[in-house]
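Below is one structure, written out as structure tokens; the observations come after it.
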Amino acid sequence: MIHQTIIKTSSYGPIALAWSKFNGRPQIVKIIISSLTSPADRKVAELYPGITYASCPEIDTVCSEVAAYLNGKKITFSLELLKLETCSAFQKAVLLADYAIPHGSVTSYGLLAAHLGKPKAARAVGTALATNPFPILIPCHRVIRSDRTLGGFGGGSQMKRALLEAEEVTFDKTGRVANPHLHYQAL
């Protein structure tokens with residue numbers, strides 16, 4: 001049975017954690033963030049009809065950490081409670097490489113693809129991140145286009161920019177990331 005816990009203390013709208021117990025321990029199966037057109041609680045109702053509202057200490061801790069991160073605290077999230085085995089091998093590799101991007105840094109879809117040994121797979125990396133089941137905990141907002149524009153994000157471009165600005169990433173007058181520290185940049 002899938003349960004839902006909602007983080008309501010977000011300036012980005014509600015954020016939902018869909019989770020269940022597997023082998024007696026809670027695991028997050030999906031994190032749903034609000035967008036301008038669809039709040040997370042509505043998305044959850046569409047994805048998981050009949051979902052129940054529940055929590056447990058481990059999920060409460062993750063919710064508190066996400067709320068703290070969204071309020072500007074530097075947090076390194078644990079992957080321990082994420083049900084990563086729901087992802088394909090390629091998506092899991094992309095998500096783990098994305099997870100390794102430090103707070104305040106960005107990379108491009110192409111650089112991440114090259115890091116994975118698939119230099120022509122920038123679009124596939126973008127698709128893997130667009131379907132990231134664990135946004136925020138796996139910081140797909142830290143991946144931008146090679147021209148330093150934002151690229152896509154489930155919560156919308158305003159949220160992506162705000163998350164990056166909260167990590168002290170700056171933007172120039174044209175809206176491009178200014179002087180980025182590009183993680184995975186070739187030396």
Side-chain angles (χ1 to χ4, degrees), residues 1-22 25-73 75 77-88 90-92 94-96 98-99 101 106 109 123-145 149-167 169 171 175:
M1 172 179 288
I2 302 283
H3 302 289
Q4 169 182 286
T5 301
I6 297 276
I7 301 169
K8 296 182 187 217
T9 58
S10 163
S11 59
Y12 304 101
I15 295 175
L17 279 71
W19 64 278
S20 189
K21 285 200 174 183
F22 297 92
R25 76 178 253 243
Q27 284 196 287
I28 298 167
V29 294
K30 190 162 186 64
I31 296 174
I32 300 100
I33 55 180
S34 294
S35 65
L36 291 175
T37 57
S38 184
D41 41 358
R42 184 172 3 143
K43 290 180 186 179
V44 169
E46 292 168 3
L47 287 169
Y48 304 104
I51 194 167
T52 61
Y53 293 87
S55 197
C56 66
E58 296 92 340
I59 296 298
D60 287 343
T61 297
V62 173
C63 289
S64 295
E65 289 175 343
V66 170
Y69 171 80
L70 294 174
N71 286 318
K73 187 171 181 188
I75 302 277
F77 296 103
S78 169
L79 300 180
E80 181 182 350
L81 295 181
L82 302 185
K83 190 140 177 74
L84 285 165
E85 51 275 2
T86 61
C87 302
S88 71
F90 178 74
Q91 184 180 35
K92 186 175 178 180
V94 169
L95 295 179
L96 292 175
D98 175 47
Y99 177 76
I101 301 168
V106 295
Y109 300 101
R123 286 185 185 217
V125 164
T127 299
L129 292 173
T131 57
N132 173 8
F134 313 107
I136 309 298
L137 275 71
I138 296 182
C140 51
H141 62 275
R142 293 181 187 155
V143 184
I144 61 172
R145 293 181 177 149
T149 58
L150 288 177
F153 184 68
S157 60
Q158 289 177 330
M159 183 179 185
K160 185 171 185 172
R161 181 174 173 148
L163 289 169
L164 290 172
E165 287 176 332
E167 293 186 16
V169 172
F171 292 81

- Item | Aromatic Phe171 / basic Arg161 pairing, under 6.0 angstrom, 45° off normal | yes
- Query: If we only count heavy atoms from C-beta on, is the Val66 to Phe77 side-chain gap below 4.5 Å?
  - Reply: yes
- Kindly compute the distance separating CZ (Arg25) from SG (Cys56), expressed to the nearest 0.5 Å. 11.0 Å
- Task: Write down the atom of Ala16, the atom of Ala40, and the distance for their closest heavy-atom approach.
- Result: N-CB, 3.9 Å
- Item | Gln27 versus Ser20, side-chain donor and acceptor atoms under 3.5 Å | no
- Query: Less than 4.5 Å apart, any side-chain heavy atom of Leu79 and any of Leu96?
  - Reply: yes
- CD1 (Ile28) and CG (Leu17) are apart, to the nearest 0.5 Å, by 4.5 Å
- Message: Restricting to non-hydrogen atoms, name the atom on Ser34 and the atom on Gly13 that form the minimum distance, rounded to 0.1 Å.
- Response: OG-C, 3.9 Å
- Query: Looking at side-chain heavy atoms only, is the closest gap between Ile136 and Leu163 below 4.5 Å?
  - Reply: yes
- Atom of Pro135, atom of Ile31 and distance for their closest heavy-atom approach: CD-O, 3.5 Å
- Note on the structure: Value for CZ (Arg123) from OH (Tyr109), rounded to nearest 0.5 Å, stands at 12.0 Å
- Starting at CG of Leu129, measure out to CZ of Arg142 and round the result to the nearest 0.5 Å. 12.5 Å
- Are any side-chain N or O atoms of Asp98 and backbone N or O atoms of Val94, one a donor and one an acceptor, separated by less than 3.5 Å? no
- Query: Is there side-chain contact between Thr149 and Ile144, with heavy atoms separated by less than 4.5 Å?
  - Reply: no
- Item | Heavy-atom pair of closest approach, residues Trp19 and Ala54 | NE1-O, 3.4 Å
- Item | Donor-acceptor side-chain pairing of Tyr69 and Glu167 below 3.5 angstrom | yes
- Message: Quick one, Leu150 and Leu164 - any side-chain contact, counting heavy atoms below 4.5 Å?
- Response: yes
- Item | Phe22/Lys83 under side-chain contact (heavy atoms from CB on, under 4.5 Å): CA gap, chis, key distance, verdict | CA-CA 9 Å; Phe22 297 92; Lys83 190 140 177 74; 3.4 Å; yes
- Does a salt bridge link Arg42 with Glu46, judged by any charged N lying under 4.0 Å from a carboxylate O? no
- Note on the structure: Looking only at heavy atoms, the pair that brings Gly152 and Lys160 closest together is O-NZ, 3.1 Å
- Please lay out, stage by stage, how Ile2 and Leu47 fare under the test side-chain contact (heavy atoms from CB on, under 4.5 Å). CA-CA 11 Å; Ile2 302 283; Leu47 287 169; over 6 Å; no
- Item | CD/Gln158: more than 12 non-hydrogen atoms of other groups inside 6.0 Å | no
- Task: Could you tell me the separation between the CD1 atom of Ile33 and the OG atom of Ser38, rounded to the nearest 0.5 Å?
- Result: 11.0 Å
- Query: His3 and Ser55: side-chain contact (heavy atoms from CB on, under 4.5 Å), yes or no, with the steps?
  - Reply: CA-CA 8 Å; His3 302 289; Ser55 197; over 6 Å; no
- Query: Would Tyr53 and Thr5 count as a side-chain contact (heavy atoms from CB on, under 4.5 Å) if you check the C-alpha gap in whole Å, the side-chain angles of each, and the deciding distance to 0.1 Å?
  - Reply: CA-CA 6 Å; Tyr53 293 87; Thr5 301; over 6 Å; no
- Task: Please name the pair of heavy atoms, one in Phe134 and one in Lys30, separated by the smallest distance, quoted to 0.1 Å.
- Result: CE2-N, 4.1 Å
- Between Leu82 and Leu137, is any pair of side-chain heavy atoms under 4.5 Å apart? yes
